[in-house]
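Here the structure is laid out as structure tokens; the discussion comes afterwards.
Counting starts at 1 for both ligands and their atoms, in listed order. Owing to the predicted nature of the structure, the values given are computational and were not obtained by experimental measurement. In this chain, residues are counted from 1 in sequence order.
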Amino acid sequence: MTILVTGGAGFIGSNFVLDWLAQSDEPVLNLDALTYAGNLQNLASLKGDARHIFVQGDIGDRALLDRLLAGHRPRAVLHFAAESHVDRSIHGPGAFIKTNVEGTFNLLEAVRGHWNALPEPEKAAFRFHHVSTDEVYGSLAADAPAFTETHPYEPNSPYSASKAASDHLVRAWHHTYGLPVLTTNCSNNYGPYHFPEKLIPLMIVNALAGKPLPIYGDGLQVRDWLYVGDHCSAIREVLARGRVGETYNIGGWNEQTNRQIVHIVCALLDELRPGADGPYTRLITHVKDRPGHDRRYAIDARKIERELGWRPAETFETGIRKTVQWYLAHGDWVASVLSGGYRDWLATNYTAR
Ligand code: NAD
Ligand code: DAU
């Protein structure tokens, strides 16, 4: 038996592949285009491990997908591959439509062909697991209840609109063709291998370099943070025992404003790697807000707990400490990510703010 993972060289995908192979001998066929966000260094510990088969390729390449599906006959496809950064979607939405919408469509069609040709009982046991986001639900008022699975879709950014479109395609492929799908909508992840364009790793990396810590607008936007290892365990549970055609929200029961997050990161760095020039909070700067910035996300994760018994294992205190320690111990990973094209992105997003 084999699972096919798309986007397994990215932040969450690589954590998922590493966790999967730490707990199971079932091989992983990992298809990743290695965009700026894909990094094979995340998977360096699997070098020479026959259970990990890496293929560099695009989910938009139908011939490649057909070959991989026919050659490896995966029992499940876990679809992580996406353009994932909201700010990049504002600067250049085209790539988001191409990968998140057209790519997911292409993958669904290839998987449908593969699944249709499977004999029973493989056909009945097959699963297509779509990894999605809480951002599809839009923005919550300060006192509104957290997102449940029945919350209306109200995406506000090109990124969230493209993910919402992909969720709808997955839903339709189940309703129309009977493809056995599972969808999970997760809140903000943090942890090892997080690309430093996103809030938490950017703050760690900038603070250590003595650079400004740019908080968008008033910094009172709220996100619900989940340690990436907990997201991976939730996906494993849903894949194993989730009801076909259902969606499951995954969250950390951990709402924090961006200001709180930055202060917590600074305090941990003050403790673990004190700066010579005083507390890291001195580097905080408020910059121009993100256009269309969603004010608050919060996940009601009771369904996955009720049906599958899943709850996050990490508290924010334990998860963020592990994360900061990981970045401090992996300066080589940070240095290689910070080279090259990433510098152009920093200029594009922050110079005019
Ligand atoms: P990421 O940007 O770190 O990684 C995405 C990966 O997909 C990269 O390895 C990239 O090379 C690959 N990829 C991109 N386009 C591709 C294509 N056309 N074909 C094949 N591979 C391609 O993203 P992430 O943060 O790891 O997110 C993974 C998934 O989880 C995404 O679908 C995202 O929407 C979802 N999600 C992320 C979060 C979060 O907080 N990061 C929260 C909820 C859901
Ligand atoms: O909610 C899940 C989503 O979380 C995922 O679907 C996305 O893939 C993931 O990127 C993330 O989206 P956000 O936009 O919430 O994450 P980001 O880390 O970009 O920003 C978190 C918050 O911090 C957001 O309110 C914007 C703010 N921010 C971000 C950056 C990069 C800043 O204030 N300054 C910054 O420099």
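Note: no N/O pair closer than 3.5 Å links Glu197 and ligand 2 by distance alone. Looking at ligand 2, you won't find any N or O of Asp87 less than 3.5 Å from one of its N or O atoms. Not a single N or O atom of Ser187, backbone or side chain, sits closer than 3.5 Å to an N or O atom of ligand 2. Residue Gly60 has no N or O atom closer than 3.5 Å to an N or O atom of ligand 1. By the 3.5 Å distance cut-off applied to N or O atoms, His231 is not counted among the residues near ligand 1. Between Cys186 and ligand 1, not a single N/O pair is under 3.5 Å apart. Checked against a 3.5 angstrom limit, the closest N/O atoms of His79 and ligand 1 fall outside it. For Leu31, no nitrogen or oxygen atom sits less than 3.5 Å from a nitrogen or oxygen atom of ligand 1, counting backbone and side chain alike. Note: no N/O pair closer than 3.5 Å links Tyr36 and ligand 1 by distance alone. When only interatomic distances are considered, the shortest N/O to N/O separation between Asn188 and ligand 1 does not fall below 3.5 Å. At under 3.5 Å, a nitrogen or oxygen of Thr35, whether backbone or side chain, sits near a nitrogen or oxygen of ligand 1.
Using a 4.0 angstrom heavy-atom cutoff, Phe195 does not count as in contact with ligand 1. Ligand 1 lies within reach of Asp32, whose nearest heavy atom is under 4.0 Å from it. Close to ligand 1: Ser187, with a non-hydrogen atom less than 4.0 angstrom away. Residue contacts with ligand 1 include Tyr159, since one or more of its heavy atoms lies under 4.0 Å from the ligand. Within the 4.0 Å heavy-atom cutoff, Ser14 does not count among the residues contacting ligand 1. For the pair Gly57 and ligand 1, a heavy-atom separation below 4.0 Å is found.
Nearest to atom 1 (P) of ligand 1 among the protein's heavy atoms is Ser84 OG, 3.5 Å. For atom 38 (C) of ligand 1, the nearest protein heavy atom (residue, atom name, distance) is Ile12 CD1, 3.5 Å. In terms of protein heavy-atom proximity, atom 19 (N) of ligand 1 is closest to Ile59 N, 3.0 Å. Remark: minimum distance from atom 4 (O) of ligand 2 to any protein heavy atom is reached at Asn188 ND2, 3.1 Å. Counting protein heavy atoms only, atom 31 (C) of ligand 1 is closest to Phe80 O, 3.2 Å.
Within the 4.0 Å heavy-atom criterion, the part of Leu34 lying near ligand 1 is the backbone and not the side chain. If you look at Lys98 next to ligand 1, there are no close heavy atoms at all, none under 4.0 Å. When heavy-atom distances to ligand 2 are checked against a 4.0 Å cut-off, Asn258 comes that close only through its side chain, counted from C-beta outward. In Glu135, the part holding a heavy atom less than 4.0 Å from any atom of ligand 2 is the side chain.
Ligand-side atoms of ligand 2 in range of Ile215: 33 (O), range being under 4.0 angstrom from any heavy atom. For ligand 2, the atoms closer than 4.0 angstrom to any heavy atom of Pro214 are 32 (C), 33 (O), 34 (N), 35 (C), 36 (O). Close contacts of ligand 2 with Leu202, meaning ligand atoms under 4.0 Å from a residue heavy atom, involve 36 (O). Of all the atoms in ligand 1, the ones that sit under 4.0 Å from a non-hydrogen atom of Lys163 are 31 (C), 32 (O), 33 (C), 34 (O). Taking every non-hydrogen atom of Val86 and a distance limit under 4.0 Å, the qualifying atoms of ligand 2 come out as 14 (O). Within ligand 1, the atoms closer than 4.0 Å to a non-hydrogen atom of Val131 are 30 (O), 32 (O), numbered from 1 in the order shown. Below 4.0 Å from some heavy atom of Ser132 lie the following atoms of ligand 1, by number and element: 43 (C), 44 (C). The atoms of ligand 2 that sit less than 4.0 Å from any heavy atom of Asp134 are 1 (O), 2 (C). Short contacts between ligand 2 and Thr133, defined as distances under 4.0 Å to a heavy atom of the residue, involve ligand atoms 1 (O), 2 (C), 3 (C), 5 (C), 6 (O). Under a 4.0 Å criterion applied to the non-hydrogen atoms of Ala9, ligand 1 contributes the atoms 9 (O). The contact set between ligand 2 and Tyr159, taken as ligand atoms under 4.0 Å from a residue heavy atom, comprises 5 (C), 6 (O), 7 (C), 8 (O). Counting atoms of ligand 2 from 1 in the listed order, those under 4.0 Å from a heavy atom of His85 are 19 (O).
The existence of a salt bridge linking Lys163 and Glu135 is excluded, since no basic side-chain nitrogen approaches an acidic carboxylate oxygen closer than 4.0 Å. Asp143 has no carboxylate O lying under 4.0 Å from a charged side-chain N of Arg296, or vice versa, which leaves the two without a salt bridge. In this structure, Glu317 does not pair ionically with Arg321, as no charged nitrogen and carboxylate oxygen lie closer than 4.0 Å. Ion pairing of Glu83 with Arg88 is absent here, as no side-chain N (NZ or NE/NH1/NH2) approaches a carboxylate O to less than 4.0 Å.
Of all heavy-atom pairs spanning Pro201 and Pro196, the tightest one is CB-CA, 3.7 Å. Shown here for Ile90 and Pro291, the closest heavy-atom pair between the two residues is CD1-O, 3.8 Å.
Between Gln221, His293, Lys198, it is His293 that holds the heavy atom closest to atom 26 (C) of ligand 2. Ranked by closest heavy atom to atom 17 (P) of ligand 2, the top entry among Arg223, Arg295, Arg290 is Arg290. Counting heavy atoms only, Ala82 comes closest to atom 14 (C) of ligand 1 of the residues Ala33, Ala81, Gly7, Ala82. Evaluated by nearest non-hydrogen atom to atom 7 (C) of ligand 2, the leading choice among Gly219, Gly251, Ser84 is Ser84. Within the set Tyr216, Trp225, Tyr297, the minimum heavy-atom distance to atom 35 (C) of ligand 2 is found for Tyr216.
Note on ring orientation: taking the six-membered ring where Trp is involved, the planes of Phe147 and Tyr297 are tilted (angle from 30° to 60°). By the 30° and 60° cut-offs, the orientation of the rings of Tyr153 relative to His168 is tilted. Using a 30° and 60° split on the angle between ring planes, Phe16 and Phe80 fall in the tilted class, from 30° to 60°. Relative ring orientation between Phe128 and His130 is described as parallel, the plane-to-plane angle staying below 30° on a 0-90° scale split at 30° and 60°. Using bins of under 30°, 30° to 60° and over 60° for the plane-to-plane angle, the ring pair Tyr159/Phe96 lands in the perpendicular bin.
Remark: the His52 side chain and the Asn30 side chain contain an N/O donor-acceptor pair separated by less than 3.5 Å. When only modelled atom types and interatomic distance are considered, Asn258 and Gln221 share a side-chain donor-acceptor pair under 3.5 Å. In summary, the side chains of Asn42 and Trp333 do present a donor paired with an acceptor at a separation below 3.5 Å, with no hydrogens or angles considered. Side-chain contact annotation: His129 with Thr184, donor-acceptor N/O pair under 3.5 Å present. No side-chain donor from either of Asn15 and Asn189 sits under 3.5 Å from a side-chain acceptor of the other. Remark: the Thr247 side chain and the Lys303 side chain contain no N/O donor-acceptor pair separated by less than 3.5 Å.
With a 6.0 Å cutoff to the six-membered ring centre and a 45° limit on the axis angle, Arg353 counts as a cation-pi contact of Tyr216.
A donor-acceptor pair under 3.5 Å is formed between the side chain of Asp32 and the backbone N or O of Ala9.
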